[in-house]
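Reckoned from all heavy atoms, side chains included, excluding hydrogens, waters and symmetry mates. A, B, ... follow the sequence lines: proteins, then strands. Residue 1 opens every chain.
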2 protein chains.
Amino acid sequence: MLSQKARYALRAMLHLAAKPIAEPQQIADIAEGAAVPRKFLEQILLELKRRGLVHSVRGRHGGYQLGREPKDIDFAEIIRVIDGPLALSPCASRTAYRRCDDCTDEATCAIRKALIDVRNSTAKILEQHSLADAMADRRKMKPAA
Amino acid sequence: MLSQKARYALRAMLHLAAKPIAEPQQIADIAEGAAVPRKFLEQILLELKRRGLVHSVRGRHGGYQLGREPKDIDFAEIIRVIDGPLALSPCASRTAYRRCDDCTDEATCAIRKALIDVRNSTAKILEQHSLADAMADRRKMKPAA
DNA sequence: CTTGATCTAGATCGGTTCGGTCGAGATTTC
DNA sequence: GAAATCTCGACCGAACCGATCTAGATCAAG
């Protein structure tokens, strides 16, 4: 399961992607638009900023904007920033591999084999979905809005 | 991520699958063979039993045995028993669907769409891996043992 | 029928994570 | 310099996790 925090992050990023990248949007607006508790959203945006996914502008007319073009930000990256590796087990992770300390033989471990299959397919799917794709989908499904 | 408990459960089930289904294996043996803390394993086996994945025999020469043929028990089922639904979000789960309370429009939700893709592919992979397959794999990779 | 091995059940526990809030500080604009 | 904004760290309660302890129920064998 994704954490609630990660779901918030996805929604917030989608909200940012809805407007031109140039104009910064303020925390309060994002919080309202994406239905995320304001103070909690601050934490989330800070983490996203540290990893370069968003950029902040301080001061009076400040706010947050995407750090890159929407087509260059995918779901997998957002989820990894907030929740960590996608894999179901550290021994099946590519970005954060760690051997199971109680695993007797990794080579013949049938469990690991299955988990690696899962992580590969999950990563592939989530990396295919960019913010730009998501926005396009939304427009296609609800053209009147 | 899978919980440690789920990984223990998978290992324990694999251990049970290694011997003929007729002869019950005792908790102590399974604990040692699968490297699972004994008392914790008791809880795990109880849960697996409640869901019919294993069967217990009491008394002197008692123990646990698989509830069905190894080919009829897949990884997905074991994981679901211990950790709950496979999906990354309740709104993307088939076995435990629940609407996101803060979702404005499920139909156009691009996040949900991606998460459903992930859950489908994950379920497919894990349902393809049965205990019997896992044992066969292991034998194939390490024929000398 | 007693003994001892087993399963069953639940209370408990220390630690960590999760979701969320508060308050103060730093930075920029008007 | 006042006002609006982001920044940052401390904090909180509840849930969860991994694991252990204790006590009881059940059965088999001697």
Side-chain angles (χ1 to χ4, degrees), chain A residues 1-12 15-16 23-32 34-67 79 81-85 88-90 96 100-102, chain B residues 1-12 16 23-32 34-67 79 81-85 88-90 100-102:
Chain A
M1 285 272 176
L2 249 44
S3 68
Q4 179 73 347
K5 196 173 177 180
R7 273 190 291 271
Y8 285 161
L10 288 171
R11 285 219 300 270
H15 187 85
L16 284 178
E23 44 188 271
Q25 300 183 59
Q26 297 177 352
I27 292 190
D29 294 347
I30 306 172
E32 200 198 339
V36 181
R38 199 223 141 112
K39 278 301 200 176
F40 200 28
L41 178 59
E42 288 185 15
Q43 282 182 37
I44 295 168
L45 287 171
L46 277 189
E47 288 183 52
L48 292 171
K49 190 191 130 177
R50 265 179 230 125
R51 305 292 204 91
L53 292 186
V54 300
H55 179 244
S56 71
V57 179
R58 317 179 80 160
R60 196 104 198 257
H61 294 112
Y64 279 92
Q65 49 198 213
L66 290 183
I79 292 173
V81 166
I82 303 297
D83 276 355
L88 290 175
S89 169
C100 309
D101 38 357
D102 49 11
Chain B
M1 285 272 175
L2 250 45
S3 67
Q4 178 73 347
K5 196 171 176 181
R7 273 190 291 271
Y8 284 161
L10 288 170
R11 286 219 300 269
L16 284 177
E23 46 188 89
Q25 300 184 60
Q26 297 177 352
I27 289 191
D29 294 347
I30 306 171
E32 201 198 339
V36 180
R38 198 221 142 112
K39 279 299 197 175
F40 200 28
L41 178 60
E42 289 187 13
Q43 281 182 38
I44 294 168
L45 289 171
L46 274 192
E47 288 182 52
L48 292 171
K49 191 191 131 179
R50 265 180 232 123
R51 305 292 205 89
L53 292 186
V54 300
H55 179 243
S56 70
V57 180
R58 322 180 73 155
R60 197 103 201 253
H61 295 111
Y64 280 91
Q65 49 198 213
L66 291 182
I79 292 174
V81 166
I82 303 295
D83 277 355
L88 291 175
S89 169
C100 308
D101 37 357
D102 49 11

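Between the C1' atom of C/dT28 and the NE2 atom of A/H55 lies a distance of 14 Å, rounded to the nearest Å. The distance from atom CD1 of A/I82 to atom P of C/dT17 is 16 Å, rounded to the nearest whole Å. Rounded to a whole Å, the CD1 atom of A/I27 is 14 Å from the P atom of C/dT21. If you measure from atom OH of A/Y64 to atom P of C/dT27, you get 14 Å, rounded to the nearest angstrom. If you measure from atom NZ of A/K49 to atom P of D/dC6, you get 11 Å, rounded to the nearest angstrom. In this structure, B/L46 atom CG and D/dT26 atom C1' are separated by 14 Å, rounded to whole Å. Across the protein-nucleic acid pair, A/E47 atom CD and C/dC18 atom C1' stand 12 Å apart, rounded to whole Å.
With contacts defined as side-chain heavy-atom distances shorter than 4.5 Å, the pair B/K5/B/F40 qualifies. Within the 4.5 Å cutoff, the side chain of B/I30 has heavy atoms near those of the B/L45 side chain. In this structure, B/S56 and B/Q65 have side chains that are not in contact, with every pair of non-hydrogen atoms separated by 4.5 Å or more.
The phosphate of D/dA4 (OP1 or OP2) has no side-chain N or O of A/H61 nearer than 4.0 angstrom.
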* Determine, for nucleotides 17-25 of chain D in 5'-to-3' order, which nucleotides have protein heavy atoms under 4.0 Å from the base (write B), from only the sugar-phosphate (write S), or from neither (write -). => -BBBBB--B

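With values rounded to the nearest 0.5 angstrom, A/R7 atom CZ is found 11.5 Å from A/I44 atom CD1.
Open room surrounds CD on A/E32; 12 or fewer heavy atoms of other groups in view lie less than 6.0 Å from it.
Remark: the backbone N or O of A/A34 is paired with a side-chain donor or acceptor of A/R11 at under 3.5 angstrom.
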